[in-house]
Amino acid sequence: MNIVPDHHLIMARLKKLDSAYQASPLSSSPQLAEHLGVAEIHLKDESKRPLGSFKSLGGTFAGLEAVATQGEKARILVCASDGNHGLAVASAARYAGLPARVFLHADVSKDRVRRIEDTGADVIIVAGTFDDAVNEAAHAAEADGAILIADTSDDVNDVMTGHVMAGYGVIAGEAREQYAAQNLHKPTHLFIQAGVGGLAAAMARGLHAFMDAPGIVVVVEPAEAACVHVAMKKGRPETIPGELRTCASMLSCGRASAPALKVLQGCDARTITVSEAELLAAPALLAKTTGLATTPSGGAGLAGLTHALGDPGIRTGLGLDAESRVLLVISEGPQK
């Protein structure tokens, strides 16, 4: 079993690269809580991280760990991405003075491609889905003797994917300390978005035992790309069919990560899927009630909470009521 580094150690490592690595804010949103009919909603705003998303924790830390381990053998970092992970890995390569090659599928926006290229990384556009880019990156890394910085794996003990998830775990570590420092009541529910499941698993691992009863972790996915939902139902990762097209483009993944799945199973996480309309509505509701800006991907947890509260069966099954206290992660800011 891989030992997860303490979140303070990870942040200390990242701060040596860039002083902008500071704890992301945890804020209360009484207006949003009142609007939805729950007692409290707290928001962990990852848009304030370097690079504008939580991915700057996982991909960058994993890249640095890989370079430190490989030493002089490290020649190039390779990864697949929907956009943000690629930017984080490319940034780690730049910090380390190494080249990077990022494999993206054709639906990744031009703005995200440009941001990665601006780091000096080579971008390879792959026909098909994110999962096709994952396969291409793995083959290329093996052929070139490159270091693959993968945020997903079929191996439950994959070291690199473990490093990525450990980076994401910083968010949960910070949240625990911020709840205590601000004298806040602990959350009863965590609604957290998923692509391959790494962020959701890291948050579940760090907060499941911390939360007050009923202490439920709810994984939220687009109905068009619900790979974690399928994996939880089947008990194993399974590639789902379809083009995976969704407005929550950072969540357009077709196969769950095995290390993430293992954690989510251990935490008895629940899964729900949301429509494109619900995903699109979440950023507008967030902006109206809190003034925070995000994307359908970044606000998917809110979309899931709204969906659950509007469905009596789901609401009852999750133990949601007027006394519930919910934690949401705004995982990215507006696309730049």
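Atom CG of Leu292 is separated from atom CG of Leu43 by 6.0 Å, given to the nearest 0.5 angstrom. Once rounded to the nearest 0.5 Å, the distance linking CD1 of Ile10 with NE2 of His163 reads 9.5 Å.
There is no path of hydrophobic side-chain contacts, each under 4.5 Å, that joins Val38 to Leu207. The hydrophobic cluster containing Met211 does not contain Leu318, counting ILVMFWY residues as joined when their side-chain heavy atoms lie under 4.5 angstrom apart, directly or transitively.
A donor-acceptor distance shorter than 3.5 angstrom exists from the side chain of Arg325 to the backbone of Lys186, with no hydrogens or angles considered. Side-chain N or O atoms of Gln193 include none that pairs as donor or acceptor with a backbone N or O of Ala200 at under 3.5 Å. Remark: side-chain polar atoms of Ser109 are paired, donor with acceptor, to backbone N or O of Arg112 under 3.5 angstrom. With hydrogens and angles ignored, the 3.5 Å screen pairs a side-chain donor or acceptor of Ser81 with a backbone N or O of Gly86. Put simply, the side chain of Arg245 never gets that close to the backbone of Ala225: no donor and acceptor are under 3.5 Å apart.
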From CA spacing to verdict: salt bridge (Lys or Arg N to Asp or Glu O under 4.0 Å), Asp144, Arg101: CA-CA 11 Å; Asp144 297 342; Arg101 186 173 302 135; 2.8 Å; yes
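Put simply, the side chain of Asp122 does not reach to within 4.5 Å of the side chain of Val102, judged on heavy atoms. Between His105 and Asp132 the shortest side-chain heavy-atom distance does not fall below 4.5 Å.
At a threshold of 4.0 Å, the pair Arg114-Glu117 does not count as salt-bridged, since none of the basic side-chain nitrogens sits closer than that to a carboxylate oxygen. Taking a cutoff of 4.0 Å between a charged side-chain nitrogen and a carboxylate oxygen, Arg315 and Asp321 do not qualify as a salt bridge.
Centroid-to-centroid, the aromatic rings of Tyr179 and His42 come within less than 6.0 Å.
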